[in-house]
Number of protein chains: 2
Amino acid sequence: MTYKEFEEEQILSLLIGLTNKISPKFERCTGISSTRLAILQMLCERSEINQSQLQKHIDIDGAAITRHLKQLEADGMVIRYKNPNDNRETFVRLSDEGIERIEGYKSEKRIFIQQILAGFSEEETRVLADFLKRMQNNI
Amino acid sequence: MTYKEFEEEQILSLLIGLTNKISPKFERCTGISSTRLAILQMLCERSEINQSQLQKHIDIDGAAITRHLKQLEADGMVIRYKNPNDNRETFVRLSDEGIERIEGYKSEKRIFIQQILAGFSEEETRVLADFLKRMQNNI
DNA sequence: GTATATTAATTGAGGTATCAATTATTGATG
DNA sequence: CATCAATAATTGATACCTCAATTAATATAC
């Protein structure tokens, strides 16, 4: 095995190991799972959106979307209602409570990310984001 | 929100999204989960190792190690036996079948990784690995 | 030497993700 | 307009991970 191959193999385990650590830690620090917060943030931007579009933007399986939204609804964070013009679709939007609570989550998230990226220069952050996007495109 | 903050926030979702996609794809391409292959590769290097050490090297929860090894044992890939000098410890090593089958997995893994890292120069791969390690240390 | 603390492994509970199959509704075709 | 195809959401099955609690064996301390 060449040195390059060694380095490449490391990346896979680093990536997976990192995510396995980050996800639970994120939830403990912020009080919400990262996916669920991503959903809420998308609802912030769009005010009203159906689950399919949500799924595309968050880039997650439809089954997961359904379950997250059910839970968010049960928690009083979002409201769901059918599109009267197309009864297949379900629209989702933030509840008043959701709007209120999301700001706290967002600031916790920023603190968390800055901790993860401590020591990274702005340029390094940019390069890292670029690398990750390129890997995403390779899938 | 500044541009830097935007870029930082992206990294978290990219990281998690990437791993969520990679893990199932890895298993479909190679025929084994990445964690389970990591365990087998460690056993390749050490020939005999107890579960605690395995856990430290793979950097995964002990509960997960136990379950993976039970399954690998049921699949005939590894053999487990207690340390006679300390009955708390369980040693693990590859079975003959494990030794035979691992080479195929390893070459599938290399193909998979090269696909994920298509278009990455050697230098970029090195920098990426370094970034991921730095993030790991920040946790 | 007996009580207490530590260590290794396991089990149980809870959460998230994927894939595949199903239901319900709408669109398209002949 | 009736059948067949496509789309949206849901449910069921399976797998992985973490954390917390438990069991069993060994070390340590008094």
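Just so it is clear: chains get the letters A, B, ... in the order the sequence lines come, proteins before strands, and each one is counted from 1. What you see is a predicted model; the values in this text were computed from it and never measured.
Using a 4.0 Å heavy-atom distance criterion, A/Ser23 is classed as making no nucleic acid contact. B/Thr90 comes within 4.0 angstrom of the backbone, heavy atoms only, and of no base.
Separating the CG atom of B/Leu54 from the P atom of C/dT7 is a distance of 19 Å, rounded to the nearest angstrom. Atom-to-atom, CD1 of B/Ile65 to P of D/dC19 comes out at 14 Å; the value is rounded to the nearest Å. The distance between atom CG of B/Leu69 and atom P of D/dC16, rounded to the nearest whole Å, is 12 Å. Atom pair A/Ile16:CD1 and C/dT16:C1' shows a separation of 15 Å (rounding to whole Å applied). One atom, CZ of B/Phe26, and another, P of D/dC17, lie 12 Å apart when rounded to the nearest Å. For the pair B/Ile22 CD1 and D/dA15 P, the interatomic distance rounds to 21 Å; values are reported in whole Å. Rounded to whole Å, the distance from CD on A/Glu27 to P on D/dC19 is 11 Å. Distance CZ (B/Phe91) to C1' (C/dA9): 14 Å, rounded to an integer number of Å.
Side-chain N or O atoms of B/Asn138 include one that pairs as donor or acceptor with a backbone N or O of A/Ala118 at under 3.5 Å. Formation of a donor-acceptor pair under 3.5 Å by the B/Ser23 side chain with backbone atoms of B/Asn20 is not found in this model.
Considering only side-chain N and O atoms, B/Gln55 lies nowhere under 4.0 angstrom from the phosphate OP1 or OP2 of C/dA9. A close approach under 4.0 Å does occur between a side-chain nitrogen or oxygen of A/Ser52 and OP1 or OP2 of D/dA9. The phosphate of C/dG15 has neither OP1 nor OP2 within less than 4.0 Å of any side-chain N or O from A/Gln71. Between B/His68 and the phosphate of D/dA15, there is no side-chain N or O to OP1/OP2 separation shorter than 4.0 Å. Under 4.0 angstrom from either OP1 or OP2 of D/dA15 there lies no side-chain N or O belonging to B/Ser33.
Under the 4.0 Å criterion applied to side-chain N and carboxylate O atoms, A/Glu122 and A/Arg126 are not assigned as salt-bridge partners. Residues A/Lys70 and A/Glu73 are not paired through a salt bridge, judged by the lack of any N-O separation under 4.0 Å between the basic side chain and the carboxylate.
For the residue pair B/Tyr3/B/Glu8, the side-chain donor-acceptor check at 3.5 Å is not satisfied.
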- Task: Could you give me the CA-CA distance, side-chain angles and deciding distance for A/Leu54 and A/Ile39, then say whether side-chain contact (heavy atoms from CB on, under 4.5 Å) is met?
- Result: CA-CA 7 Å; A/Leu54 207 44; A/Ile39 290 172; 4.0 Å; yes

- B/S/- contact track for nucleotides 18-28 of chain C, protein heavy atom under 4.0 Å: BB-----BB--

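Counting only residues at least two apart or on different chains, the side-chain hydrogen bond (donor to acceptor under 3.5 Å, both in side chains) pairs with a member in residues 32-44 of chain A are A/Arg36-A/His68, A/Gln41-A/Lys109.
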